[in-house]
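Notes to accompany the following structure.
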Amino acid sequence: MSTVIEASAIDFERQREVAAALRAFMPESSVMFEREDVQPYECDGLSAYRQIPMVVALAESEAQVQRILKVCHEKRVPVVARGAGTGLSGGALPLGNGVLLSLAKLMRILEIDTEARTARVQPGVRNLAISEAAAPYGLYYAPDPSSQIACTIGGNVAENSGGVHCLKYGLTVHNILKLRAVTIEGELLEIGSDGLDAAGYDVLAVMTGSEGMLAVITEVTVKLLPKPECAQVVMAAFDDVEKAGSAVANIIAAGIIPAGLEMMDQAATVAVEHFVHAGYPTDVAGILLCESDGTQEEVAEEVRRVEALMEHSGATLIRVSQTDSERLKFWAGRKAAFPAVGRISPDYYCMDGTIPRKRLAEVLRRIAELERKYGLRCANVFHAGDGNLHPLILYDANEPGELERTEAFGGEILELSIKVGGTITGEHGVGIEKVNHMCVQFRTAELELFHAVKRAFDEYGLLNPGKAVPTLHRCAEFGRKHVHVGQERFPDLPRF
């Protein structure tokens with residue numbers, strides 16, 4: 001069973017009115033409203049929450065995106081933009097009274113400029129497809145979410161996605177130069193520049209991670225990097241997760257910035273090894289994967305230093321990849337963590353908080369306590385180098401009360417992340433999953449400022465309403481400390 005989010009019963013007269021307006025300039029097959037046609041769009045990767053959209057529009061060009069948004073603006077119809085639907089925070093959950101705007105057909109790589117080391121791509125291009133297209137030129141696109149085989153670059157920008165190599169090479173925001181985006185009024189914007197900087201406010205950074213609330217992205221110019229001459233992975237096993245956490249801190253403290261520094265606890269490691277057979281030991285408390293890349297000499301020296309630090313931190317086993325295929329096998333295991341855990345539980349709930357690295361062991365101990373409190377298992381996967389946690393809470397949605405206990409468990413992890421000096425998200429976004437906990441992390445004045453930015457782009461709150469930034473009214477209902485003055489001053493704020 002899943003939670004079905006019902007905003008309201010579908011107004012069938014309104015549904016056909018909107019569909020007819022869109023079919024006036026789009027092929028009939030690209031505008032869907034029959035239940036069997038729109039049901040595949042009822043959720044994103046956070047499948048615990050589902051909602052049948054009123055209308056689904058499959059845009060085939062930037063010009064169509066503009067016209068779709070103009071129609072929705074004129075008719076005051078909410079719009080949720082969607083890429084591949086791999087997001088894990090409910091950011092692409094549709095509305096029962098709105099249009100689900102799919103950008104999956106905008107999947108062309110428009111240009112690869114080998115001299116500037118950039119690529120211009122449409123939003124429906126898969127993350128991995130960019131690196132595949134750039135490979136003949138010795139280039140690649142650095143951000144590599146675990147879902148990179150399927151997730152799209154438009155969604156990556158909307159969520160500011162990272163990946164296992166974000167420690168050294170940064171998140172999406174650090175790897176893009178320019179966007180084309182369409183406002184709810186249908187106005188086309190060019191944001192950023194082909195150079196390394198642009199005049200004025202950094203609107204490119206504001207748009208990146210805005211979760212489809214400010215504009216709909218129709219083109220992205222990404223940076224490409226030369227492929228490293230050499231790369232090796234050090235895999236280290238520990239009999240205590242606190243020792244593994246210390247190893248992470250010791251590596252960073254030594255001034256080493258690895259290409260990737262990932263951690264999995266025993267529950268995650270066992271699930272992955274039985275699924276992928278990556279060569280991980282399963283009788284340990286946790287493992288670290290630390291990749292070095294660069295020239296042969298740089299890699300050899302960094303690997304030597306990392307091995308020494310791992311040993312000093314208490315590693316019980318250390319292995320270094322000897323071939324590129326072995327390196328890729330180590331990473332294949334880490335990137336398969338989510339589907340691997342899906343094999344051992346009917347359902348799982350993937351959290352996404354970020355904490356200071358020095359608090360890692362403390363947070364792991366607290367998560368273990370929460371497992372006992374809620375009677376639920378939790379497999380832990382981390383971008384350990386930057387403190388980004390992905391606890392995977394295992395549950396069965398068909399068991400009464402388990403989803404509710406899972407949500408409470410996840411909520412405590414988010415509040416714990418804030419308490420130790422972190423934040424409620426790292427790369428998955430807020431969506432609907434964490435929107436209540438935005439009330440915990442931010443004060444009233446900050447939330448009002450977020451809403452002011454939203455209104456500057458979207459006066460009527462039509463783009464992805466109810467996501468990412470809670471209304472002050474919602475925070476009051478959530479029972480947090482805010483004194484929600486100002487609701488009367490901003491009567492047009494959507495209330496969900």
Side-chain angles (χ1 to χ4, degrees), residues 62 83-84 86 103-181 190-198 204-205 207-209 217-233 257-260 291-296 298-299 321 323-325 327-332 334-335 383 427:
E62 185 177 75
T86 59
L103 302 164
K105 288 188 175 183
L106 277 67
M107 53 187 298
R108 292 173 52 217
I109 295 177
L110 302 170
E111 179 187 23
I112 294 179
D113 186 332
T114 57
E115 292 186 359
R117 292 179 181 169
T118 62
R120 282 195 309 114
V121 302
Q122 291 184 316
V125 172
R126 294 178 301 111
N127 175 289
L128 185 59
I130 299 175
S131 290
E132 289 172 340
Y137 309 104
L139 303 171
Y140 77 110
Y141 178 63
D144 56 344
S146 295
S147 59
Q148 68 176 150
I149 192 172
C151 65
T152 60
I153 190 65
N156 290 174
V157 174
E159 304 296 336
N160 193 21
S161 302
V164 299
H165 290 94
C166 66
L167 176 60
K168 183 174 182 177
Y169 295 108
L171 302 167
T172 300
V173 69
H174 306 112
N175 288 275
I176 62 174
L177 289 172
K178 189 167 68 173
L179 299 175
R180 286 169 68 91
E190 278 210 358
I191 301 165
S193 73
D194 292 317
L196 295 178
D197 199 3
L204 183 66
M207 195 66 65
T208 307
I217 296 159
T218 55
E219 186 181 301
V220 186
T221 300
V222 305
K223 302 176 186 177
L224 301 175
L225 298 177
K227 286 185 180 179
E229 177 185 314
C230 174
Q232 280 186 292
V233 171
I257 305 297
E291 179 167 284
S292 298
D293 66 5
T295 65
Q296 297 278 356
E298 289 171 336
V299 170
S321 63
T323 64
D324 204 49
S325 61
R327 178 183 71 86
L328 293 174
K329 196 172 184 180
F330 282 159
W331 282 126
R334 165 59 186 88
K335 291 193 173 187
H383 298 309
E427 58 175 341

Expected output: side-chain [X] to main-chain [Y] donor-acceptor under 3.5 Å:
X	Y	result
Q122	R108	yes
T118	T221	no
Q296	E229	no
D144	V164	yes
E427	S161	no
N127	P143	yes
T295	E298	yes
S131	Y141	yes

To the nearest 0.5 Å, how far apart are [atom1] in [X] and [atom2] in [Y]?
X	Y	atom1	atom2	answer
K329	S321	NZ	OG	12.5 Å
I191	M207	CD1	CE	3.5 Å
Q232	D324	CD	CG	10.0 Å
H383	S146	NE2	OG	6.0 Å

Legend entry - Identified side-chain contact (heavy atoms from CB on, under 4.5 Å) counterpart of Y137 within the set D113, L224, I112: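 By the side-chain contact (heavy atoms from CB on, under 4.5 Å) criterion, Y137 pairs with just one of D113, L224, I112: I112.
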Legend entry - Candidates L177, I176, L139 - the one meeting side-chain contact (heavy atoms from CB on, under 4.5 Å) with K223: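 When side-chain contact (heavy atoms from CB on, under 4.5 Å) is applied between K223 and each of L177, I176, L139, only L177 qualifies.
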Not counting sequence neighbours, which residues clear side-chain hydrogen bond (donor to acceptor under 3.5 Å, both in side chains) with [X]? List them please.
X	result
N160	none
K105	E60
Y169	D293

Can you sort out the partners of [X] under salt bridge (Lys or Arg N to Asp or Glu O under 4.0 Å), two or more places apart, ordered by chain and number?
X	value
R126	E132
D194	K178
E219	R120, R180

Legend entry - Heavy-atom neighbours of L110 CG exceed 12 at 6.0 Å: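 Counting other residues, nucleotides and ligands, CG of L110 exceeds 12 neighbours.
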Identify the heavy atoms of [X] and [Y] that sit nearest to each other, and give their distance.
X	Y	result
A104	G83	CB-O, 4.3 Å
G154	I217	O-CD1, 4.1 Å
G162	L171	CA-CD2, 3.5 Å
H165	A142	CB-O, 4.4 Å
S147	T86	OG-OG1, 4.0 Å

Legend entry - Side-chain touch V157/T172, heavy atoms, less than 4.5 angstrom: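 In contact.
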Legend entry - Side-chain touch T152/L103, heavy atoms, less than 4.5 angstrom: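 A side-chain contact is absent here, since even the closest heavy-atom pair is not under 4.5 Å.
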Legend entry - Intermediate values then yes/no, side-chain contact (heavy atoms from CB on, under 4.5 Å), K335 and Q148: CA-CA 9 Å; K335 291 193 173 187; Q148 68 176 150; 2.6 Å; yes
